[in-house]
Amino acid sequence: MADARTFVSRRAGLRLWLSGGWLVLLTLAAVLAPFVSPQDPLAQDLFAARLPPFWQAGAEAGFPLGSDSLGRDVLSRIIYGARVALIVAVIAGTLTCLIGATLGLVAGYFGGWPDLVISRLVDIWMAFPPVLFAILLIAVLGTGLSSIIIAIVVIDWTRFARVVRAEAMRQAAMDYVASAQVAGRSRAGTMLREILPNVLPTILVLLTLEMGIAVIVEAILSFVNLSISTDQPTWGGMIAEGRLSIYQAWWVLVFPLVALFLTVLSFSQLGEGLKDRFDPVLR
Amino acid sequence: MPILKRLLLRLVTTFVTLFGVAVIVFVVIRVVPGNPIAMMLPPGAGEDDILRLKALYGLDKSIPEQFLIWLGGVLQGDFGTSITTRQPVLELVLSRLPATLELSVMALIIAVVAGGILALTGTRLRGGRVEAGIDVANGMALSVPDFLWGLVLILLFGVLWPVFQISGRVSPNIDLPFSTRFYLFESVLRLRFDIWADLVSHMFMPALALAIPLAAIIAQLLKQSLKETMHLDYVTLARTKGYGENHVIIREALPNAILPTLTLVGVQFTFLIGGTVIIERLFSYEGLGNMAINAVINRDLPLIQGIVILFALIFTMVNLLVDLTYAALNPRLRRG
């Protein structure tokens, strides 16, 4: 048993390092995109179409991960695609967190009619198929970065609201909250100074997980061609193109898929790792 | 008496939810820029034609008026007419529903079987390397959503080792002598196992993609409750009576450990159904989800509305069923 536990905790540490490492690498690549990408991600060259990755016969220098059917460099497109993915992850994740957590905190701590209204809204939201809802919103808002961010916030605030509400209710029933009120702290003051700090670890875990979800939603939207303008490279868009030429040029699908897979996995492993770190029972 | 009250309350909230969904969808899609009428008219159509067509689809009235008219129709089973195909929405939606239901149920069965086997194996061999391995696999499966598993499966079993079909619901050269659209179900009833095999080889990859995350959730939760149950006195008693470990786990611990998992499976099943939208797109599977995405792209308002309402209806019904099953199975709730 003790052996299994050290095995698990060593693996958990490794997991945090690996996922953190990948995200740092990706962020660096995205920030330094103009300097590190070998080609212009939009440059088409029909004489260099469908070049295989570097280890295969017929590969060309300057296209390390091959090129797509229009002769665009796959690696450069992945690097520029990372910009979109990370911007969406950070901005949409943070906004969703702020709105959802606030509503959850208010519903959980104040109860009464705010709780009733917010809980009913959550119920209604849960009855929507999320992907369909996202596509619908993009059709209404029009494509573009801000539309994607708005769509993610509108769909996913319930994730925070539900969990934070339950956690705030649990905290509100504890003795320290009652004593803060006895000591004369206002309701709002108690919520922000007493409840919020105790719910914060949960919120941080959810935020990390939400960033991974935002990356996926952006990829799904660009996969159905409803993300940002089509001439800007996105992982989902690359995957959609790769899906069509899968038998002729597998690398157009595989490399953006690997990037997306690792990114989503990293955000989620980071979240799980934080959960273990914060949760005294699990530790 | 309390159970009846619970039931009534639950029905009321279900209706409130469905009404809320209807209002939101209705309002959201009426803000759509891009005039659907303009796309339907031949070039050179005059102002009168536009007005006539608007009147035909009721688009000339105010939004609350349009909503009431639409709601009145819905209550009589009339969901309007699709703008792109000019067929009744209800007919279109019902023609695709069986495909999506078969896919979802197949995914659910795969998830329950795989998750159950993993949980039982993990409990039987607990504390060792096998359990640690199952935990790692679960963690991976949970971290990555169905969309990505779908792509991975396409690469592995569609391209690298092409044993399954990755596009469509059935091979185009097959004649379907069926009277319903529940092809998979009907092929079994008619003993047409050749068609059944073709359907399964198309359905297996998308169903597995949908099933992987759910299987992991089932495995994790069921294993946890099994392990907790294994410490209870009555299980120890069964063990001292001389029953083997397999008997103890399956006959004694499982019936008591299964309830929380059952509730969770119900809720997660609605997420799975929601996942069919993009999975059907990915595998070009002709179900509701694929139709929904086309409807959004074509700005076919009545059709989008119908599909979203149908999804919401399925979600709320599944949740209602889960609640009722839970209440019926849990003796503490039954007595109120």
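Order of the sequence lines sets the chain letters (A, B, ...), proteins ahead of strands, with each chain counted from 1.
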**Study point:** Least distance between heavy atoms, B:Ser167 atom then A:Arg243 atom
**Key:** CB-NH2, 4.4 Å

**Study point:** Heavy-atom side-chain proximity of A:Met126 to B:Asn319 below 4.5 angstrom
**Key:** no

Practice item. Can you tell which part of B:Thr316 gets under 4.5 Å to a heavy atom of chain A, answering side chain, backbone, both or neither? Key: side chain

Exercise for review: With a 4.5 angstrom heavy-atom cut-off, could you sort out which part of B:Val21 is near chain A: side chain, backbone, both or neither?
Suggested key: both

Review point. What residue, out of B:Val277, B:Leu148, B:Val25, B:Val159, has the most heavy-atom pairs lying under 4.5 Å from chain A?
Key: B:Leu148

Point to revise | Steps toward side chain to side chain contact (heavy atoms under 4.5 Å, CB included) verdict (B:Thr276, A:Val131) | key: CA-CA 9 Å; B:Thr276 58; A:Val131 174; over 6 Å; no

Point to revise | Any side-chain heavy-atom pair of A:Val264 and B:Ser143 under 4.5 Å | key: no

Point to revise | Chi angles and distances behind the side chain to side chain contact (heavy atoms under 4.5 Å, CB included) call for A:Phe223, B:Ile278 | key: CA-CA 9 Å; A:Phe223 178 79; B:Ile278 193 67; 4.2 Å; yes

Review point. Which region of B:Val152, side chain (C-beta onward) or backbone (N, CA, C, O), has a non-hydrogen atom less than 4.5 Å from a non-hydrogen atom of chain A, or is it both or neither?
Key: both

Exercise for review: Could you tell me which portion of B:Leu282 (side chain, backbone, both or neither) has an atom closer than 4.5 angstrom to a non-hydrogen atom of chain A?
Suggested key: both

Exercise for review: Using a 4.5 Å cut-off on heavy atoms from C-beta on, say whether the side chain of A:Ile124 contacts that of B:Phe19.
Suggested key: no

Practice item. Supply the atom-to-atom distance B:Ile24 CD1 to A:Leu121 CG, rounded to the nearest 0.5 angstrom. Key: 7.0 Å

Revision key, fill the gap. Heaviest contributor of heavy-atom pairs below 4.5 Å to chain B, chosen from A:Ile239, A:Ile220, A:Ile216, is A:Ile220

**Study point:** Pairwise distance CD1(B:Ile154) to CD1(A:Ile246) - rounded to 0.5 angstrom
**Key:** 6.0 Å

Check your understanding: Which of the residues B:Ile314, B:Thr17, B:Val16 is involved in the greatest number of heavy-atom pairs with chain A at under 4.5 angstrom?
Key -> B:Thr17

Revision key, fill the gap. In this structure, CG of B:Leu155 is separated from CG of A:Leu253 (nearest 0.5 Å) by 4.5 Å

**Study point:** Which atoms of B:Ile166 approach chain A - backbone, side chain, both or neither, heavy atom under 4.5 Å
**Key:** both

Study note, to complete from the structure: So, the part of A:Phe261 with a heavy atom under 4.5 Å from chain B: the answer is both

Review point. Can you tell me how far the CD1 atom of A:Ile135 sits from the CD1 atom of B:Ile293, to the nearest 0.5 Å?
Key: 3.5 Å

Check your understanding: Got more than 12 heavy atoms from elsewhere within 6.0 Å of CH2, B:Trp161?
Key -> no

Check your understanding: Roughly how far apart are A:Phe128 CZ and B:Phe315 CZ, rounded to 0.5 Å?
Key -> 10.5 Å

Point to revise | chain A contact via B:Leu151 - which portion, at a heavy-atom distance below 4.5 Å | key: both

**Study point:** Contact leader toward chain B among A:Pro130, A:Gly212, A:Ser268, A:Gly271, where contacts are heavy-atom pairs under 4.5 Å
**Key:** A:Ser268

Point to revise | Between CD1 on residue B:Ile304 and CG on residue A:Leu132, distance to nearest 0.5 Å | key: 8.0 Å

Point to revise | Residue B:Phe271 versus chain A: region with a heavy atom under 4.5 Å | key: side chain

Study note, to complete from the structure: Per-residue tally against chain A (heavy atom, under 4.5 Å) across B:Gly289, B:Gly274, B:Gly158, B:Ala312 peaks at B:Ala312

